[in-house]
Amino acid sequence: MPVETIQKSEARVRLVLLTSFAAIAIVLFILTLRRLPYQGTRIMELGPPPVTVAVTGAQWSWILSRTRVPEGVPIEFAVSARDVNHDFGLYDPRGRLVAQVQAMPGYTNRLVYVFPAPGTYTVRCLEYCGLAHDMMTTTFTVAEQ
């Protein structure tokens with residue numbers, strides 16, 4: 001069999017496979033759109049959060065407008081950054097990541113979270129932002145109502 005015939009045949013097979021995989025990926029993407037992890041409708045049903053905490057990330061610290069919040073109610077974190085991108089990560093008293101959102105200069109991301117238990121929670125930067133990135137932490141208290 002001539003080489004040109006084999007190359008054309010292989011090209012056809014590759015095109016069919018690529019088209020098939022692309023079609024399957026598009027169908028799966030469309031079918032799973034409804035299953036995104038966002039619970040926007042649930043938050044809308046709850047109404048505006050009773051407590052808002054303004055958060056600003058700056059190399060290499062977090063500035064929080066409040067350091068004490070109540071447990072069991074929706075808390076909105078309005079997160080932005082002064083200088084470079086940061087990632088606002090909330091850790092429970094046991095050290096487990098419970099929520100996170102990107103902190104970007106010139107934009108405010110909103111994170112709503114209900115703290116299930118009182119304690120001291122830690123905020124860490126999850127995106128490398130410079131030499132002192134590992135020291136970019138702060139804490140706040142979740143108090144019983």
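For the numbers below, each heavy atom of this structure counts, side chains included, while hydrogens, waters and symmetry mates do not. One is the number of the first residue; the rest follow in order along the sequence.
- Between Trp60 and Leu131 the shortest heavy-atom distance is CZ2-N, 3.9 Å.
- Remark: side-chain polar atoms of Ser80 are not paired, donor with acceptor, to backbone N or O of Thr108 under 3.5 angstrom.
- When hydrophobic clusters are built by joining Ile, Leu, Val, Met, Phe, Trp and Tyr residues whose side-chain heavy atoms come closer than 4.5 Å, directly or via intermediates, Tyr107 is not grouped with Val55.
- Within a 6.0 Å radius of CG in Leu17, other residues, nucleotides and ligands contribute more than 12 heavy atoms.
- Within a 6.0 Å sphere centred on CD of Glu144, other residues, nucleotides and ligands contribute 12 heavy atoms or fewer.
- His133 places a side-chain N or O within donor-acceptor distance of the main-chain N or O of Glu127, the cut-off being under 3.5 Å.
- Minimum interatomic distance between Gly57 and Met136 (heavy atoms only, all atoms of both residues): CA-CE, 4.1 Å.
- Of all non-hydrogen atoms in Asn85 and Pro105, the two that sit nearest each other are OD1-CD, 3.3 Å.
- Using a distance-only test at 3.5 Å, with no hydrogens or angles considered, a donor-acceptor pair links the side chain of Asp83 to the main chain of Gln59.
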Discussion item. Go through it in stages, so that I can follow the logic: the residues are Thr122 and Thr138, the test is side-chain contact (heavy atoms from CB on, under 4.5 Å), and I'd like the CA-CA distance, side-chain angles, deciding distance and then a yes or no.
Written reply: CA-CA 6 Å; Thr122 303; Thr138 192; over 6 Å; no
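- Note: Tyr121 OH to Thr67 OG1 = 15.0 Å, rounded to the nearest 0.5 Å.
- Tyr128 places a side-chain N or O within 3.5 Å of a backbone atom of Gly130 that can act as its donor or acceptor partner.
- Taking 4.5 Å as the limit, some side-chain heavy atom of Arg82 sits within range of a side-chain heavy atom of Ile63.
- A distance of 6.0 Å separates NE2 of His86 from SG of Cys125, quoted to the nearest 0.5 Å.
- What you find for Pro50 and Val73 is that their closest heavy atoms are CG-CB, 4.0 Å.
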Item to complete: Could you check Leu90 against Leu111 for side-chain contact (heavy atoms from CB on, under 4.5 Å), going step by step and ending with a plain yes or no?
Response: CA-CA 10 Å; Leu90 288 175; Leu111 171 68; 4.1 Å; yes
Worksheet item: Stepwise, does the side-chain contact (heavy atoms from CB on, under 4.5 Å) test hold for Phe88 with Trp62?
Response: CA-CA 9 Å; Phe88 178 77; Trp62 292 105; 3.8 Å; yes
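- Hydrophobic clustering (ILVMFWY, side-chain heavy atoms < 4.5 Å, transitive): Leu64 and Val69 are in one cluster.
- For the atom pair Thr120 OG1 and Asp92 CG, the distance stands at 11.5 Å (nearest 0.5 Å).
- Using bins of under 30°, 30° to 60° and over 60° for the plane-to-plane angle, the ring pair Phe77/Phe115 lands in the perpendicular bin.
- Using a 4.5 Å heavy-atom cutoff, the side chains of Tyr91 and Arg96 are not in contact.
- Following chains of ILVMFWY side-chain contacts shorter than 4.5 Å, one cannot reach Val79 starting from Leu97, and the two form parts of different hydrophobic clusters.
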Item to complete: I would like to know whether Val53 and Glu76 meet side-chain contact (heavy atoms from CB on, under 4.5 Å); could you show each step before the answer?
Response: CA-CA 6 Å; Val53 178; Glu76 177 184 46; over 6 Å; no
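- In terms of hydrophobic clustering, with Ile, Leu, Val, Met, Phe, Trp and Tyr side chains grouped at heavy-atom distances under 4.5 Å, Phe140 and Tyr113 are assigned to a common cluster.
- Within the model, atoms CD of Gln102 and CG of Asp87 stand 4.5 Å from one another, a figure rounded to the nearest 0.5 Å.
- Here the closest heavy-atom approach between residue Arg68 and residue Ala143 is recorded as NH2-CB, 3.5 Å.
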